[in-house]
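For reference, the structure is listed below as structure tokens.
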Amino acid sequence: MTQRISLTRYLIEQQRQHGLIPSELRLLLEIVARACKRIAIQVNKGALGEVLGSAESENVQGEVQKKLDIIANEVLIDANEWGGHLAAMASEEMDTIYVVPNRYPQGEYLLMFDPLDGSSNIDVNVSIGTIFSVLKKPNDDPKMVEPVREKDFLQAGKQQVAAGYCIYGPQTTLVLTVGHGVSMFTLDREQGTFVLTQENVRIPEDTKEFAINMSNMRHWDAPVKRYVEECLYGKDGVRGKDFNMRWIASMVADVHRILSRGGVFMYPWDQREPNKPGKLRLMYEANPMGWLVEQAGGAATNGRQRILDIAPTELHQRVSVVLGSKNEVERVTAYHLEADAQR
Ligand code: P6P
């Protein structure tokens, strides 16, 4: 039975036991958690809060922004800019990086986030979430305090020092890793605090559940078609077992299910936009989710290589994503490599 302790106490104990969380990083994580509580309050208002619907604007991705996308982004910026722990932030909702204003001290961390992932679900009351990733600002020359630049964010996912998400669903749950496993904290609304409800989250290496948007089937590459068709044939085919399918169209919700009971999530390249490697973003969706899944014993690739090894070239670059139960991710990846070898 997991001891019901607060997020603050958990972070302090992790610091004492493992020395994993420098005080500045602990402050950052507590501030992000507090911002997620504020976002949850707005999300939970729904139609009562005049927060639903479109903001009549587009983000850097060319996607129509929902009012809550902008609210969540502003909450995270306001909460984090003054603390002295960050040098800059980057967001799916902002074209370029947000450098901490000169009126505040600058810290050594870089924070990236998708402030509200799954926006298409906001107006229909389906779970959505905030995804965040933390890097250290590269400091080439300790004597020189270089101004932070966009290129400082372009680090592979394996350089992350913390990653997590907060899912706004039937429960509001913060899921976090600092490189020592994955822990889950459920928001106790009466106390207004995140309480530890699960430690050492583990994803089963095998699964009977896959998640993909089946409406795109005719656009997929052959390896993905092969894998999904084998799942659909179930015990009548080569897999010898039946599969179930889920697709919530909210990565946070699909990943939370996989962390909770296993499964494989795929958003692969498809021929609708052949110049884009995929729909999801590397820096603030695939990298944090990929690290969480790996820390829970799962795997995360782009179909061919480990996501966390990908060297980014652009802040908002996209990537194909295959993540979840290790043996299934390895099978999908093997199918891609086999197909490449035959080309
Ligand atoms: P589709 C939400 O917009 C998102 O970025 C992810 O959270 C989700 O997995 C995916 O897009 C859903 O995409 O094409 O199925 O609507």
Side-chain angles (χ1 to χ4, degrees), residues 36 39 43 52-55 57-73 90-94 112-133 163-169 173 175 209-221 224 228 245-260 263-293 298 300-303 307 315-324 329 332:
C36 289
I39 293 169
V43 167
L52 299 182
S54 166
S57 56
E58 279 191 359
N59 64 17
V60 64
Q61 329 287 344
E63 295 164 339
V64 173
Q65 291 174 303
K66 299 282 190 179
K67 289 177 189 168
L68 272 171
D69 283 323
I70 294 174
I71 291 167
N73 194 64
S91 164
E92 180 191 68
E93 302 303 332
M94 300 188 298
M112 293 168 286
F113 45 82
D114 179 354
L116 209 56
D117 175 71
S119 304
S120 61
N121 286 317
I122 293 174
D123 298 346
V124 294
N125 200 12
V126 170
S127 299
I128 50 184
T130 297
I131 309 172
F132 61 91
S133 170
Y165 62 81
C166 189
I167 180 169
Y168 312 113
T173 302
V175 180
E209 200 158 66
F210 68 95
I212 194 166
N213 182 337
M214 290 295 290
S215 70
N216 300 326
M217 190 165 196
R218 67 187 185 282
H219 304 303
W220 298 332
D221 202 356
V224 177
V228 172
M245 195 217 95
R246 286 286 183 274
W247 188 249
I248 306 175
S250 178
M251 187 184 195
V252 171
D254 281 313
V255 170
H256 193 74
R257 185 191 59 256
I258 288 168
L259 282 170
S260 303
V264 58
F265 170 97
M266 293 163 281
Y267 209 113
W269 170 92
D270 71 50
Q271 63 190 5
R272 289 175 296 170
E273 295 187 276
N275 298 328
K276 284 185 183 174
K279 172 180 183 182
L280 302 178
R281 292 82 175 178
L282 176 63
M283 300 306 291
Y284 39 79
E285 289 177 335
N287 275 342
M289 292 309 208
W291 195 29
L292 284 164
V293 164
T301 76
N302 64 357
I307 281 179
L315 187 61
H316 297 292
Q317 78 183 63
R318 296 171 188 264
V319 67
S320 295
V321 177
V322 181
L323 61 77
V329 173
V332 178

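Ligands are counted one by one from 1 in listed order, and the atoms in each one are counted from 1 as well.
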Can you check whether Asn216 has an N/O within less than 3.5 Å of an N/O in ligand 1? no
Atom indices of ligand 1, in the order listed, that fall short of 4.0 Å to a heavy atom of Phe265: 9 (O)
If you measure from the Lys or Arg side-chain nitrogens to the Asp or Glu carboxylate oxygens, is any gap between Asp69 and Lys66 under 4.0 Å? no
Note, Met283 side chain near His316 side chain (heavy atom, < 4.5 Å): no
A student checking ligand 1 against Trp247 at a 4.0 Å heavy-atom cut-off should list atoms 9 (O), 12 (C), 15 (O)
State the atoms of ligand 1, each with its element, that fall below the 4.0 Å cut-off from a heavy-atom position in Asn213. 1 (P), 14 (O), 15 (O)
With heavy atoms under 4.0 Å as the rule, classify the contact between Ile248 and ligand 1 as side chain, backbone, both or neither. neither
Protein heavy-atom partner closest to atom 14 (O) of ligand 1 - residue, atom, separation in Å: Tyr267 OH, 2.7 Å
Which option, Lys279, Arg281, Met251, owns the non-hydrogen atom nearest atom 8 (C) of ligand 1? Met251
Evaluate the side-chain proximity of Phe210 to Trp247: yes if any heavy-atom separation is below 4.5 Å, no if none is. no
Identify, by atom number and element, the atoms of ligand 1 in contact range of Leu280, meaning under 4.0 Å from any of its heavy atoms. 5 (O), 6 (C)
Do any N or O atoms from the side chain of Thr130 and from the backbone of Tyr165 form a donor-acceptor pair under 3.5 angstrom? no
Run through Val329, Ile212, Val321 and flag the one making a side-chain contact (heavy atoms from CB on, under 4.5 Å) with Met266. Ile212
With heavy-atom distances below 4.5 Å as the criterion, would you say the side chains of Val224 and Met217 are in contact? no
Residue-ligand contact Ser120/ligand 1, heavy atom below 4.0 Å: no
Just verifying a value: how many Å separate Met289 CE and Phe265 CZ, rounded to the nearest 0.5 Å? 8.5 Å
